[in-house]
Amino acid sequence: MAILTGINKVKTAVFISGNGSNLKSLIKFSRSNKSPISIKLIISSHSKAKGLSYGKIFKIKKRVINFKNTKIFDDKLISILRKNQIEMICLAGFMKILSKNFIQKFNGKIINIHPSLLPKYKGLNTHKRALKNKEKYSGCTVHFVNSKLDSGKIILQKRVKISKNETEKSLTEKILIQEHKLYPKAISKIFNL
Ligand code: GRF
């Protein structure tokens, strides 16, 4: 396996809105010599996102962006990303919808993790809906982002069995554990590692 150092790693930004547990797992992964990426920037849609604390802990630059005005947001965000020479974007619990313009500018360079076995359960409340439909399995998916919600090309998926007495909370926790493993694996896969 190739040994990657800070110099030849792909400069990556992670976009978050909440807890940032996937961000944390990506940061840990990015610091190993197996990782093709180096996380240079954290973008949050909320100033109070818990995940922002990882910026401080791991000494990564962080920026909070007000996503209300699409045009201002696009221009500002693109300029921040360019200034930091960002080559790849990982969405990790990012709750805003990116504009078509933005996605086009970073075409093929944005990936996302979604807590369901896509194409099933796009959008919000995935676990609740899977339980309501009495699914036997759910899981998580890492996919490329295109302009349709949760519809880009799938990179990797992990199936998780739903147990008899499963609750939304227990399923969320079970799937999150798998998400933390799947996201790094999917990134390695993109780079053929
Ligand atoms: C994860 O379940 C992710 O799949 C979804 O939002 C959640 C974010 O969790 N898009 P965290 O902020 O990474 O802990």
Side-chain angles (χ1 to χ4, degrees), residues 12-31 35 37 39-58 60 62-65 67 88-98 102-103 106 109-133 135 137-163 166-190:
T12 300
V14 182
F15 287 23
I16 62 164
S17 298
N19 284 337
S21 70
N22 277 291
L23 165 66
K24 186 181 174 197
S25 93
L26 287 179
I27 295 172
K28 289 199 163 161
F29 167 66
S30 75
R31 299 208 164 172
S35 165
I37 63 160
I39 297 173
K40 297 287 184 201
L41 184 64
I42 299 166
I43 298 283
S44 175
S45 60
H46 286 294
S47 58
K48 296 210 165 75
K50 259 172 91 183
L52 276 172
S53 63
Y54 295 120
K56 197 163 185 204
I57 297 170
F58 293 99
I60 298 172
K62 50 190 188 333
R63 295 294 292 267
V64 177
I65 304 270
F67 284 82
M88 179 168 165
I89 296 168
C90 296
L91 308 183
F94 182 66
M95 300 303 284
K96 298 283 173 188
I97 298 196
L98 295 166
F102 183 84
I103 292 170
F106 286 87
K109 292 178 176 153
I110 313 174
I111 61 175
N112 180 41
I113 187 153
H114 184 76
S116 79
L117 292 174
L118 290 172
K120 278 192 164 179
Y121 305 113
K122 296 174 183 176
L124 298 175
N125 301 315
T126 55
H127 304 321
K128 202 180 201 167
R129 288 186 282 146
L131 289 171
K132 197 172 167 222
N133 288 343
E135 297 281 1
Y137 293 92
S138 190
C140 43
T141 303
V142 179
H143 63 94
F144 285 104
V145 171
N146 65 14
S147 53
K148 283 199 192 142
L149 183 70
D150 299 327
S151 297
K153 187 170 177 255
I154 291 173
I155 303 159
L156 269 187
Q157 290 188 307
K158 174 74 184 175
R159 202 168 71 148
V160 172
K161 197 168 180 354
I162 297 182
S163 35
E166 202 77 73
T167 63
E168 204 182 328
K169 184 169 180 279
S170 66
L171 188 58
T172 303
E173 284 163 5
K174 236 157 94 172
I175 292 181
L176 257 185
I177 292 171
Q178 296 308 323
E179 289 185 37
H180 300 157
K181 295 179 189 163
L182 191 74
Y183 217 160
K185 266 194 199 161
I187 292 170
S188 297
K189 187 177 171 199
I190 294 174

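Predicted, not measured: the structure shown is a model, and the values here were computed from it. Atoms within each ligand, like the ligands themselves, are counted from 1 in listed order.
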Enquirer: Looking only at protein heavy atoms, which one is nearest to atom 5 (C) of ligand 1, and how far off is it?
Expert: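 Looking at atom 5 (C) of ligand 1, the protein heavy atom closest to it is Pro115 CD, 3.8 Å.
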Enquirer: Check for me whether Arg159 meets the cation-pi criterion with Tyr137, that is, NZ or CZ under 6.0 Å from the six-membered ring centre and within 45 degrees of the ring axis.
Expert: yes
Enquirer: Does the plane of the ring in Phe15 sit parallel, tilted or perpendicular to the ring in Phe102? Use 30° and 60° as the thresholds.
Expert: tilted
Enquirer: I need the nearest protein heavy-atom contact for atom 14 (O) of ligand 1: residue, atom name and distance, please.
Expert: Ser21 OG, 2.5 Å
Enquirer: Any donor-acceptor pair under 3.5 Å linking the side-chain atoms of Ser151 with those of Lys122?
Expert: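 Yes, because at least one side-chain N or O of Lys122 sits under 3.5 Å from a partner of the opposite role on Ser151.
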Enquirer: Taking atom CZ of Arg63 as the centre, report whether more than 12 heavy atoms of other residues, nucleotides or ligands fall under 6.0 Å from it.
Expert: no
Enquirer: Mark yes or no for whether Lys174, through its side chain, and Lys161, through its backbone, hold a donor-acceptor pair below 3.5 Å.
Expert: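 Such a contact is found between Lys174 side chain and Lys161 backbone.
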Enquirer: Measure the distance from atom 9 (O) of ligand 1 to every protein heavy atom, then report the residue, atom name and distance (to 0.1 Å) of the closest one.
Expert: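 Protein heavy atom with the smallest distance to atom 9 (O) of ligand 1: Asn22 ND2, 3.9 Å.
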Enquirer: Report, in ascending order of atom number, the atoms of ligand 1 lying under 4.0 Å from any heavy atom of Asn19.
Expert: 12 (O), 14 (O)
Enquirer: Under a heavy-atom criterion of less than 4.0 Å, does Gly20 contact ligand 1?
Expert: yes
Enquirer: Among all the protein's non-hydrogen atoms, which is closest to atom 7 (C) of ligand 1, and how far away is it?
Expert: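 Checking every protein heavy atom, the shortest distance to atom 7 (C) of ligand 1 gives Gly93 CA, 4.1 Å.
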Enquirer: Checking a contact table here: which protein heavy atom is nearest atom 2 (O) of ligand 1, and how many Å away?
Expert: Glu179 OE2, 2.9 Å
Enquirer: Name the option, out of Ile113, Leu91, Asp150, that contains the heavy atom nearest to atom 10 (N) of ligand 1.
Expert: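 Shortest heavy-atom distance from atom 10 (N) of ligand 1: Ile113.
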Enquirer: Tell me yes or no: between the side chains of His114 and Thr126, is some donor less than 3.5 Å from an acceptor?
Expert: no
